[in-house]
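Just below is one structure, and these are the notes that go with it.
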Amino acid sequence: MRMHKEMTNAEVARLLRGVAAAYEIKGKDSPNTRFRVIAYERAADSIERSTVEVKDLWEDGKLGQVPGIGTSMAEYLDELFKTGKVRHFEKLLDSLPEAMFELLDIPGIGAKRAYKLVKELGITKAHGASEKLLRLAEKGRIRTIEGFGEQSEKEIIDAIQGVYRKTKRFLLPFATEVAENILEYLRKNPRVKRADPLGSLRRCVSSVGDVDISVASDDPEEVIKYFTAYKNKSEVIESGEHTASILLPNGMQIDLMVQPPDTYGALLQHFTGSKEHNVALREYALKKGMSLSEYGIRFLQKSKVQKSKFKSQNYNAKLKIYQFADEKSFYNSLGMEWIPPELRENQGEIEASIEGELPSLVEVEDIKGDLHLHSNFLKDTSHDEGANSIESMVEEADRLGYEYLLFTEHNPKIDEQEEKIMDVLRRKKEYIDKTNYSRENRSGKRVRKVFNGLEIDIRPDGEVALPDRAWDFLDFAVVSVHSSFRGSRDKQTKRILRGLEHPKAKILGHPTGRRIGEREGIEVDWGEVFEFCKTNDKWLEINSWWDRLDLPDILVCQAIKVGVKLVISTDSHATDQMVLMRYGVSVARRGWAEKGDIVNTLGYNDFTKEVRI
DNA sequence: GCCGTTTTCGGCCCGACTGTTTTCAGTCG
């Protein structure tokens, strides 16, 4: 396995997984090996999930912040980043065939099987090891190895071929919409008592692999029959007693699980995850003498918990397990508050829940205005024009119950003559002033204000793409990066801070610039940007656009800790996109945001005080 | 090797599935 100084998180994680595999094979005799392997795997998971580069943390002397990295691991990483290698790891890895490590990527093959396959089949070249394995499998060579058979040979073939196929992930808004159609269909059946999304979809992770759904019903057979009869499917993959899977024409797999209403709570809890949340929850319960599973809670003999708390619960004497109809009673029985699914990532929510200090998360209903809207009023803008009129977007805002809006068409192309730019912006201001006047008086019931803004490019050097005197036409504006996404952290940080210089540059739009599945965002010293925003009253946007969802949840969490104010906006380019606000809200919730952290939850009067215009 | 609301020592999540197994090992989520 290659090591070098500039290792990314993914590479470090891969290295640690390799070390875990090596220990699994070499340390058979030592009783502690099992846990050492787990420790390395946990550290790898933790590093892979971290949005901050571990190398940067190391430079700042903050390696200890990463969960799962203790004194030994920190010393090894220190050696790795300093010298480009870890002698201890090299010694361990060099004594094993290099080819086995590539096989670890194949589902169903772990350390032991990878080692055995490579040894028995004499695969020596590390590069292309899985292709070689595939060819040998197709020749029927694997079934001859002790511990393998025809079945496992076939599985290995499927798995290797599948590696190159099954990588597709779906964006949250898309998966949610598909799932909701199916949930709606299921709920129409009178035998369905409850139907819920599970897994990453329920936790509102920004992209999801497959869609899992659970149903509470006393008649699983009937529900499965009904589910597999869903019209908009391309095939039924599997249909059993309690579970079934269908495939949709777009390639999305929908897995269904049916359970009786009495035991539905533990099931919902278990399959909502995350894995890390569940592991931490079970470890906590274990210390109190309780064992948790998808079936309920079982008491260990040494348990000191008062079982009186459980009196109201269903006790299944045969299975010796307490069963739960809903999640709330499950968590409550552990002495905890119910934890919103968005928080279940083992990021401190368990501790907060025990202390009764869970945040009161922001909700869609709290939002009082949309601050990023593209109408079709301006032509020849630097990027996409909106599809609909200001009027139609204002009508939609009324329907959504908003009290104010900010129109933020892209700035006019900068190479136009300055007088021309001034002209169109003057016309827009006059139009909005006029419209507001008539609407406020006519409505009678509620004041609704339309603010005049723009979304202005921050150019590579940090200058904004607008003539200085044009700012006078605007109430306040969004500034955003739309180009030059590479570039050093230092340069990009300076660029952002300069872009926010003007007092009316109030909001930093889609701050990282990422497009999920397309490109990474810009590299920025977020700590510095957060401090700047806090001191200078700038707001960071959580953009609800389906493949942006930007700020990402983890940065939301960090920003809030510093005390930075955020806004949630849709970046709508058409009227029917304004309902996408819920996805921005879900990002905020995953970042532990409360109503008070989000500026556009303020009513009109408080908002104008906050924006100071 | 990590970690602390019983612990700085002594623990370490839980169950399903699969295969080659006559009682368990490996892998996964």
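Because the structure is a prediction, the values reported are computed rather than measured. By convention in this document, chain letters (A, B, ...) are assigned in the order of the sequence lines, proteins followed by strands, and residues within each chain are numbered from 1.
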- What residues, two or more places apart in sequence or in another chain, satisfy ring-ring contact (aromatic ring centres under 6.0 Å, His included) together with A:W58? A:F81
- Looking at residues 262-280 of chain A, who's got a heavy atom less than 4.0 Å off DNA chain B? A:V279
- Query: Which pairs with one or both residues in residues 254-266 of chain A pass side chain to side chain donor-acceptor pair (under 3.5 Å), sequence neighbours excluded?
  - Reply: A:D196-A:Y264, A:S214-A:Y264, A:S245-A:D255, A:Q253-A:D255, A:Q259-A:T263
- Does a nitrogen or oxygen in the side chain of A:R298 sit under 4.0 Å from OP1 or OP2 of B:dG15? yes
- Query: Roughly how many Å is it from CD1 in A:I38 to P in B:dC28, rounded to a whole number?
  - Reply: 14 Å
- Criterion side-chain contact (heavy atoms from CB on, under 4.5 Å) against A:Q269, the qualifying member of A:L198, A:D326, A:L281: A:L281
- Query: Which comes earlier along DNA chain B counting from the 5' end, the contact point of A:L292 or that of A:P67, where each point is its nearest nucleotide?
  - Reply: A:P67
- Query: How far, in whole Å, is B:dG29 from B:dT22 if one measures between their C1' atoms?
  - Reply: 29 Å
- Rounded distance in Å between the P positions of B:dG26 and B:dT20: 14 Å
- The complete set of salt bridge (Lys or Arg N to Asp or Glu O under 4.0 Å) pairs with one or both residues in residues 552-563 of chain A, sequence neighbours excluded, reads A:D553-A:R590
Name the atoms and distances for all side-chain donor-acceptor pairs under 3.5 Å in residues 138-147 of chain A, with sequence neighbours left out.
from: A:R143; atom 1: NE; to: A:E153; atom 2: OE1; distance (Å): 3.0
from: A:R143; atom 1: NH2; to: A:E153; atom 2: OE1; distance (Å): 2.8
from: A:T144; atom 1: OG1; to: A:R141; atom 2: O; distance (Å): 2.5

- Touch check for A:E41, heavy atoms < 4.0 angstrom, all strands: base, sugar-phosphate only, or nothing? nothing
- Note on the structure: Rounded to whole Å, the CZ-C1' distance (A:R34 to B:dC2) equals 15 Å
- Item | Electrostatic pair A:E283-A:R42, nearest N-O below 4.0 angstrom | yes
- When you compare B:dG4 with B:dT8, how far apart are their P atoms, in angstrom units rounded to a whole number? 13 Å
- Task: Would you mind telling me which of B:dG15, B:dT20, B:dC12 lies closest to the side-chain atoms of A:S293?
- Result: B:dG15
- Where the side chain of A:F35 is defined as all heavy atoms beyond and including C-beta, which of B:dC14, B:dG1, B:dT18 is the nearest nucleotide? B:dG1
- Item | Pairing residues for A:H242 by the ring-ring contact (aromatic ring centres under 6.0 Å, His included) criterion, not counting sequence neighbours | none
- Between the side chains of A:E594 and A:S360, is a donor N or O closer than 3.5 angstrom to an acceptor N or O? no
- Query: Using the ring of each side chain (for Trp, its six-membered ring), is A:Y331 parallel, tilted or perpendicular to A:H277, with breaks at 30° and 60°?
  - Reply: tilted
- Note on the structure: From CD1 of A:I156 across to C1' of B:dT20 the rounded distance in Å is 14 Å
- Message: Taking only side-chain N and O atoms of A:Y284, does any of them lie within less than 4.0 angstrom of OP1 or OP2 on B:dG11?
- Response: no
- Task: Determine the interatomic distance between P on B:dT6 and the same-named atom on B:dC12; round to the nearest Å.
- Result: 14 Å
- Syn or anti: how is B:dT5 classified when any glycosidic angle within 90° of 0 counts as syn? anti
- Rounded to the nearest Å, what distance is computed from the CG atom of residue A:L281 to the P atom of nucleotide B:dC12? 16 Å
- Which pairs pass salt bridge (Lys or Arg N to Asp or Glu O under 4.0 Å) with one or both residues in residues 71-83 of chain A, sequence neighbours excluded? A:D78-A:K82, A:E79-A:R87
Would you give me the side-chain donor-acceptor pairs under 3.5 Å for residues 118-128 of chain A, sequence neighbours excluded?
none

- Message: Rounded to whole Å, please give me the gap between CG in A:L286 and P in B:dT7.
- Response: 16 Å
- Note on the structure: From CG of A:D212 across to C1' of B:dA16 the rounded distance in Å is 15 Å
- Output the residues of residues 69-83 of chain A in contact with DNA chain B, where contact means a heavy atom of the residue under 4.0 Å from an atom of the strand; sort by number or write none. A:I69, A:G70, A:T71, A:S72, A:M73, A:Y76
- Message: Between B:dG10 and B:dA16, how far apart are the two P atoms, rounded to whole Å?
- Response: 33 Å
- Query: Just checking A:E146: base, sugar-phosphate only, or nothing, at a heavy-atom cut-off of under 4.0 Å?
  - Reply: nothing
- Query: Whom does B:dC24 pair with, Watson-Crick or G-U wobble, provided both distances fall under 3.5 Å?
  - Reply: B:dG19
- Query: With rounding to whole Å, what would you report as the distance between B:dG15 and B:dC9 at their P atoms?
  - Reply: 32 Å
- Item | ring-ring contact (aromatic ring centres under 6.0 Å, His included) involving A:F271 - partner list, sequence neighbours excluded | none
- Task: Find the distance A:E155:CD to B:dT18:C1' and express it as a whole number of Å.
- Result: 7 Å
- Task: In whole angstrom, give the distance that lies between atom CE of A:M257 and atom P of B:dC17.
- Result: 11 Å
- Task: Could you check which of B:dC12, B:dT6, B:dG1 has an atom nearest any side-chain atom of A:H88?
- Result: B:dG1
- Item | ring-ring contact (aromatic ring centres under 6.0 Å, His included) against A:F324, all qualifying residues, sequence neighbours excluded | A:F330
- Item | Separation between the P atoms of B:dC17 and B:dT23, rounded to whole Å | 23 Å
List every contact pair, protein side and nucleotides 24-26 of chain B side both N or O, where the distance is under 3.5 Å.
from: B:dG26; atom 1: OP2; to: A:K112; atom 2: NZ; distance (Å): 3.0

- Query: When you compare B:dC14 with B:dT7, how far apart are their C1' atoms, in angstrom units rounded to a whole number?
  - Reply: 23 Å
- Message: Can you work out whether A:E150 or A:E283 has the more 5'-proximal nearest nucleotide on DNA chain B?
- Response: A:E283
- Task: Decide salt bridge (Lys or Arg N to Asp or Glu O under 4.0 Å) for A:E276 and A:R203; before the verdict, give the C-alpha distance in whole Å, the side-chain angles of both, and the deciding distance to 0.1 Å.
- Result: CA-CA 13 Å; A:E276 289 76 10; A:R203 301 199 313 279; over 6 Å; no
